[in-house]
Amino acid sequence: MNETFEDYLWEKSGKPDAEVERLEALLTAYRFERPFVFPVARPTKRFVSRRWLWVMAAAAACVLFAMAVFLSELHGPVKWQARRSEGDPRLNGRTITGAELLRVGEVITTDERSEVELKAGKHGYIRVLPGTTVRLLQSATQHERLELQHGTIEASLYAPPFMFSFDTPSGTAYDIGCAFTLSVGEGGKGRLRVTSGWVQFEVDDKQELAPAGTAIVIEPGFGPGTPFFEDAPPRLQEALAKVDFDNNPTQRAVALNDVMTEARTRDVYTLLQLMRNATPPERALLFDRASTLRAPPASVTRDGIVMRNEQMYDDWVASLGLGNAKRWWVHWSDRF
Amino acid sequence: LARRGGATVAPKIEFSSGTLKAESRLSGKGSVQEMGPVVANKAQDEAALVRAARDGDRLAFAALYDRYKRLVHGIILAQVSPHIAEDLVQDVFERALRQITKLRDENAFSGWLIAIARNRARDNFRRETPHDRLPEWLAGPERTSAQVEAAAALQAILKLPEAYRETLLLRLVEGMTGPEIAERVGITPESVRVNLHRGMRLLREQLERHGKR
């Protein structure tokens, strides 16, 4: 690195490094400028008779106890309980007979004829389907982590986003509420189907957010594919797999064309997610196709999308009416 | 706190809607920031400020706040979401105000304050609803492209190892120089320099990768 650039980074002297200057200008938005507010003195205590004080204290203690019981169930580490549904499932090698506690590090295994219902405290349950191995990796306040080694689980959870995560050999799925199916097959290939709410799947720095009704194909070495609606035309799904996982540029270009041809209005979300990861010329093509299917909001322009203006992507996604993942609790009723 | 002829002159302090307004009888200036010479950047002056703050001098405490607010914010920002970090800075200094009477060594103020900030950030990180760490584009469409770019740059820094993350935040967000960071955090200038340059190199790589996607 140039010595003068180093000086600029070190003590803001010498020739400014353009990238450092750009970052400084951008990040000034987060600079802390707030004045200190001295805490206001507590008001003088008013006289309260000793008898009333005891009554109020007792009532407050009752309320606090009830709240503590409720909150410890909802916000403390989850109490995991495995219950046999079918066959002879095993917990750490021994047969599950009734309801048994699952502790960190323990493994549940189901053979081709057995099934387990894994109750996640007050947050819902996970069905461990036949031919599956699941391990509880971590159980801490606001963070429950399971490992799906192979097989299939069906999760139905009511919890704040990112509280539950599921490691697989090809990446990690994060529950953003509320229901999904995750499968891991041979060689770490997998599939995520979201039936309610949102799920984020990520590996390294590649992330895909899948809303209800969509699925993601997971391919070892490539990570998550682009989310697509499960009722999308089969040709679109096949072409999308090539776009996501085929290294041959010619085949990829043909497949991208097929995706655009087959896309319906509902598939604009898929096209938008493709645009985020595409090259600028591909983004232009995808923009043209997506905008004929569903006109973008007034704030979105073709140039902006080609230049990968995140705000425009956000605006367009928001206009699709897929729901806001931050309001995870509203998706809960979708399960019924 | 001000000294003239060896005598400490207590400043007059007024409160308005819970916010400090200070007037120095000596300088006649209206704010802590304007009291330049009073808040000289020397260890002995800092020790004097700490002593005065420990004795209940709110203007001295406000001067310490001005001196350390960005450092504390940078440390906290390395651990928690930006919108929570601002409130936590206030919280850290409220704690410091409550506990400063227990601080015996006035020269240990910066280390003591940093320890409070790190503990508070760690506590909050455990408690922060994961919901707060959602990708920002889900939060709503009301942001400008500069804000989106700034958020992306901040996210990239937050993905770096902790030592680089904190040093880069202090440099790029809070505008502190390397020597200032070393002095305030109490680590050697060499370590800060290494953290800055390695961190910046990783950040460039990450931004470049992101830009190519």
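When every heavy atom of B/E174 is checked against every heavy atom of A/Y30, the shortest pair comes out as OE2-O, 4.4 Å. Among all heavy-atom pairs drawn from A/F32 and B/R70, the shortest one is O-NE, 3.4 Å. Pairing each heavy atom of A/V37 with each of B/Q90, the nearest pair is O-NE2, 2.6 Å.
Taking 4.5 Å as the limit, some side-chain heavy atom of B/R204 sits within range of a side-chain heavy atom of A/V20.
Under the 3.5 Å distance criterion, the side-chain polar atoms of A/K12 are matched with a main-chain donor or acceptor of B/G175.
Interatomic distance, CD of A/E21 versus CG of B/L172, reported as 11.5 Å (0.5 Å rounding). In this structure, CG in A/D17 is found 6.0 Å from CE in B/M200, a value given to the nearest 0.5 Å. Put simply, CG on A/L26 and CG on B/L154 are 10.5 Å apart, with the number rounded to the nearest 0.5 Å.
Qualifying salt bridge (charged side-chain N to carboxylate O under 4.0 Å, His left out) partners for A/R22, counting only residues two or more places apart in sequence or in other chains: A/E19, B/E149. The ring pair (Phe, Tyr, Trp, His ring centres under 6.0 Å) check on A/F287 picks up A/W316, with sequence neighbours excluded.
With chain A as partner, the option from B/L203, B/I181, B/D87 having the largest number of non-hydrogen pairs under 4.5 angstrom is B/D87. Note: B/A150 leads B/A150, B/A85, B/G74 in heavy-atom pairs under 4.5 Å with chain A. For chain B, the option among A/H143, A/R34, A/E24 with the highest count of heavy-atom pairs below 4.5 Å is A/R34.
Geometric assessment of B/R171 against the ring of A/Y8 yields a positive cation-pi assignment under the 6.0 Å and 45° thresholds.
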Residues A/L23, B/L168; criterion side chain to side chain contact (heavy atoms under 4.5 Å, CB included); working and verdict: CA-CA 10 Å; A/L23 287 167; B/L168 277 183; over 6 Å; no

Full working for side chain to side chain contact (heavy atoms under 4.5 Å, CB included) between B/V192 and A/W10: CA-CA 9 Å; B/V192 175; A/W10 172 240; 3.8 Å; yes

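When heavy atoms are compared at a cutoff of 4.5 Å, B/Y65 approaches chain A solely by way of its side chain, counted from C-beta outward. Both the backbone and the side chain of B/L196 come within less than 4.5 Å of a heavy atom of chain A.
The local environment of CZ in B/R198 is sparse, with at most 12 non-hydrogen atoms from other residues, nucleotides or ligands closer than 6.0 Å.
Using bins of under 30°, 30° to 60° and over 60° for the plane-to-plane angle, the ring pair A/F36/B/F61 lands in the tilted bin.
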